[in-house]
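What follows is a set of notes on a single structure, which appears directly below.
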Amino acid sequence: MSLTLLGIGLLALWLYMLSGSKPSRPTRPRPAQPRSAQPRPAQARPAQARPGPARLQASQWERKVLTQMRGDQARFERTLAAKRNKHPRASREELLEIIYEEYIRDNR
(Lines give C-alpha, C1' and ligand atoms only; values in the text may rest on other atoms or scores of the structure.)
Protein backbone atom coordinates (compact mmCIF):
# COMPACT_ATOMS: atom_id res chain seq x y z
CA MET A 1 0.00 0.00 0.00
CA SER A 2 2.74 2.47 0.94
CA LEU A 3 4.65 1.54 -2.20
CA THR A 4 1.57 2.37 -4.31
CA LEU A 5 1.16 5.74 -2.59
CA LEU A 6 4.84 6.47 -3.10
CA GLY A 7 4.50 5.61 -6.81
CA ILE A 8 1.43 7.83 -7.21
CA GLY A 9 3.19 10.67 -5.38
CA LEU A 10 6.28 10.38 -7.57
CA LEU A 11 4.09 10.28 -10.70
CA ALA A 12 2.23 13.41 -9.56
CA LEU A 13 5.54 15.18 -8.82
CA TRP A 14 6.92 14.19 -12.23
CA LEU A 15 3.76 15.47 -14.03
CA TYR A 16 3.90 18.70 -12.03
CA MET A 17 7.51 19.26 -13.05
CA LEU A 18 6.73 18.52 -16.70
CA SER A 19 3.89 21.02 -16.82
CA GLY A 20 6.10 23.85 -15.57
CA SER A 21 9.11 23.14 -17.74
CA LYS A 22 10.17 25.36 -20.63
CA PRO A 23 9.60 24.19 -24.21
CA SER A 24 12.52 22.38 -25.79
CA ARG A 25 12.55 24.74 -28.78
CA PRO A 26 12.82 28.43 -27.92
CA THR A 27 10.16 30.63 -29.46
CA ARG A 28 11.17 33.69 -31.44
CA PRO A 29 9.36 36.94 -30.76
CA ARG A 30 7.26 38.10 -33.68
CA PRO A 31 8.39 41.37 -35.22
CA ALA A 32 6.00 44.26 -34.86
CA GLN A 33 4.07 45.00 -38.04
CA PRO A 34 4.39 48.48 -39.48
CA ARG A 35 1.24 50.56 -39.78
CA SER A 36 1.14 50.00 -43.52
CA ALA A 37 0.78 46.24 -42.97
CA GLN A 38 -2.21 46.56 -40.66
CA PRO A 39 -5.55 45.97 -42.38
CA ARG A 40 -7.48 49.09 -43.26
CA PRO A 41 -11.17 49.49 -42.50
CA ALA A 42 -13.44 48.73 -45.42
CA GLN A 43 -14.67 52.26 -46.01
CA ALA A 44 -14.61 54.59 -48.96
CA ARG A 45 -11.22 56.19 -49.56
CA PRO A 46 -11.32 59.97 -49.20
CA ALA A 47 -10.47 62.04 -52.26
CA GLN A 48 -7.29 63.43 -50.65
CA ALA A 49 -5.74 60.66 -48.52
CA ARG A 50 -2.56 62.61 -47.75
CA PRO A 51 -2.68 66.38 -47.72
CA GLY A 52 0.14 68.65 -48.76
CA PRO A 53 3.60 67.77 -50.05
CA ALA A 54 3.53 64.19 -48.68
CA ARG A 55 1.19 63.20 -51.51
CA LEU A 56 3.11 61.76 -54.45
CA GLN A 57 2.51 62.74 -58.05
CA ALA A 58 1.33 60.25 -60.68
CA SER A 59 4.79 60.05 -62.26
CA GLN A 60 6.37 59.22 -58.90
CA TRP A 61 3.78 56.49 -58.22
CA GLU A 62 4.22 55.14 -61.74
CA ARG A 63 7.99 54.90 -61.23
CA LYS A 64 7.51 53.10 -57.89
CA VAL A 65 5.02 50.63 -59.36
CA LEU A 66 7.18 49.94 -62.42
CA THR A 67 10.17 49.36 -60.15
CA GLN A 68 8.20 46.76 -58.20
CA MET A 69 7.05 45.13 -61.46
CA ARG A 70 10.65 45.10 -62.73
CA GLY A 71 9.87 47.42 -65.63
CA ASP A 72 7.14 45.27 -67.20
CA GLN A 73 5.14 48.00 -68.98
CA ALA A 74 2.50 45.62 -70.39
CA ARG A 75 1.78 44.18 -66.95
CA PHE A 76 1.61 47.72 -65.56
CA GLU A 77 -0.98 48.80 -68.15
CA ARG A 78 -3.10 45.66 -67.60
CA THR A 79 -3.08 46.19 -63.86
CA LEU A 80 -3.94 49.87 -64.22
CA ALA A 81 -6.86 49.04 -66.55
CA ALA A 82 -8.18 46.42 -64.12
CA LYS A 83 -8.01 48.84 -61.20
CA ARG A 84 -9.68 51.57 -63.27
CA ASN A 85 -12.60 49.17 -63.91
CA LYS A 86 -12.82 48.39 -60.21
CA HIS A 87 -12.48 52.03 -59.05
CA PRO A 88 -13.92 54.19 -61.87
CA ARG A 89 -13.96 57.46 -59.90
CA ALA A 90 -10.41 57.24 -58.57
CA SER A 91 -7.74 59.54 -59.94
CA ARG A 92 -4.61 58.16 -61.61
CA GLU A 93 -2.56 58.90 -58.47
CA GLU A 94 -5.04 57.01 -56.31
CA LEU A 95 -5.10 54.05 -58.68
CA LEU A 96 -1.31 53.86 -58.73
CA GLU A 97 -1.18 54.13 -54.95
CA ILE A 98 -3.71 51.29 -54.61
CA ILE A 99 -1.72 49.14 -57.05
CA TYR A 100 1.55 49.84 -55.23
CA GLU A 101 0.16 49.10 -51.76
CA GLU A 102 -1.52 45.86 -52.92
CA TYR A 103 1.64 44.76 -54.71
CA ILE A 104 3.77 45.39 -51.60
CA ARG A 105 1.24 43.65 -49.35
CA ASP A 106 0.90 40.60 -51.62
CA ASN A 107 4.63 40.11 -52.14
CA ARG A 108 5.81 39.98 -48.55
Side-chain angles (χ1 to χ4, degrees):
M1 171 94 168
S2 62
L3 189 58
T4 306
L5 289 176
L6 178 65
I8 292 174
L10 287 175
L11 180 64
L13 179 64
W14 180 67
L15 289 174
Y16 173 75
M17 292 180 73
L18 275 180
S19 67
S21 67
K22 294 183 179 180
S24 59
R25 192 176 90 195
T27 57
R28 288 185 278 161
R30 297 181 75 186
Q33 288 185 342
R35 283 190 173 250
S36 62
Q38 294 175 353
R40 292 186 175 178
Q43 61 186 6
R45 179 178 283 244
Q48 185 94 9
R50 293 188 187 111
R55 184 136 176 97
L56 296 178
Q57 300 296 321
S59 61
Q60 293 169 319
W61 278 117
E62 188 172 337
R63 188 171 49 243
K64 287 179 82 164
V65 172
L66 276 171
T67 301
Q68 289 297 317
M69 293 184 175
R70 297 187 177 116
D72 190 350
Q73 188 71 34
R75 179 179 178 192
F76 170 77
E77 294 299 330
R78 287 191 308 268
T79 306
L80 187 60
K83 289 299 173 192
R84 186 169 284 128
N85 287 337
K86 192 172 183 179
H87 305 280
R89 293 185 178 198
S91 67
R92 184 173 175 89
E93 291 91 0
E94 290 172 335
L95 291 173
L96 292 169
E97 184 178 0
I98 291 168
I99 292 169
Y100 180 77
E101 288 175 355
E102 285 182 2
Y103 195 86
I104 294 296
R105 184 189 67 228
D106 291 345
N107 290 317
R108 285 200 173 151

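This chain uses plain numbering: 1 for the first residue, then up along the sequence.
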How long is the gap from [atom1] on [X] to [atom2] on [Y], to the nearest 0.5 Å?
X	Y	atom1	atom2	value
Ile99	Ile104	CD1	CD1	12.5 Å
Met69	Asn107	CE	CG	9.0 Å
Ile8	Thr4	CD1	OG1	6.5 Å
Gln68	Thr79	CD	OG1	12.5 Å
Leu3	Met1	CG	CE	11.5 Å
Arg63	Leu96	CZ	CG	12.0 Å

Take Arg92 and Leu80 through the test side-chain contact (heavy atoms from CB on, under 4.5 Å) and record every step on the way to the result. CA-CA 9 Å; Arg92 184 173 175 89; Leu80 187 60; 3.2 Å; yes

Indicate yes or no: at least one non-hydrogen side-chain atom of Val65 is less than 4.5 angstrom from one of Tyr103.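 No, their side chains stay 4.5 Å or more apart.
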
Residue pairs, two or more places apart or on separate chains, that pass salt bridge (charged side-chain N to carboxylate O under 4.0 Å, His left out) and touch residues 67-84: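 Passing the test, one end in residues 67-84: Lys83-Glu102.
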
What are the two closest non-hydrogen atoms of Trp61 and Glu93, and how far apart are they?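 Answer, listing the atom of Trp61 first, then Glu93: CD1-O, 3.9 Å.
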
So which heavy atom on Leu66 is nearest to which on Gln73, and how close?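 Shortest heavy-atom contact: CD1-OE1, 3.6 Å.
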
Checking the side chain of Tyr100 only, and the main-chain atoms of Lys64 only, is there a donor and an acceptor separated by less than 3.5 Å?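 Checking the backbone N and O of Lys64 against the side chain of Tyr100, no donor-acceptor pair under 3.5 Å is found.
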
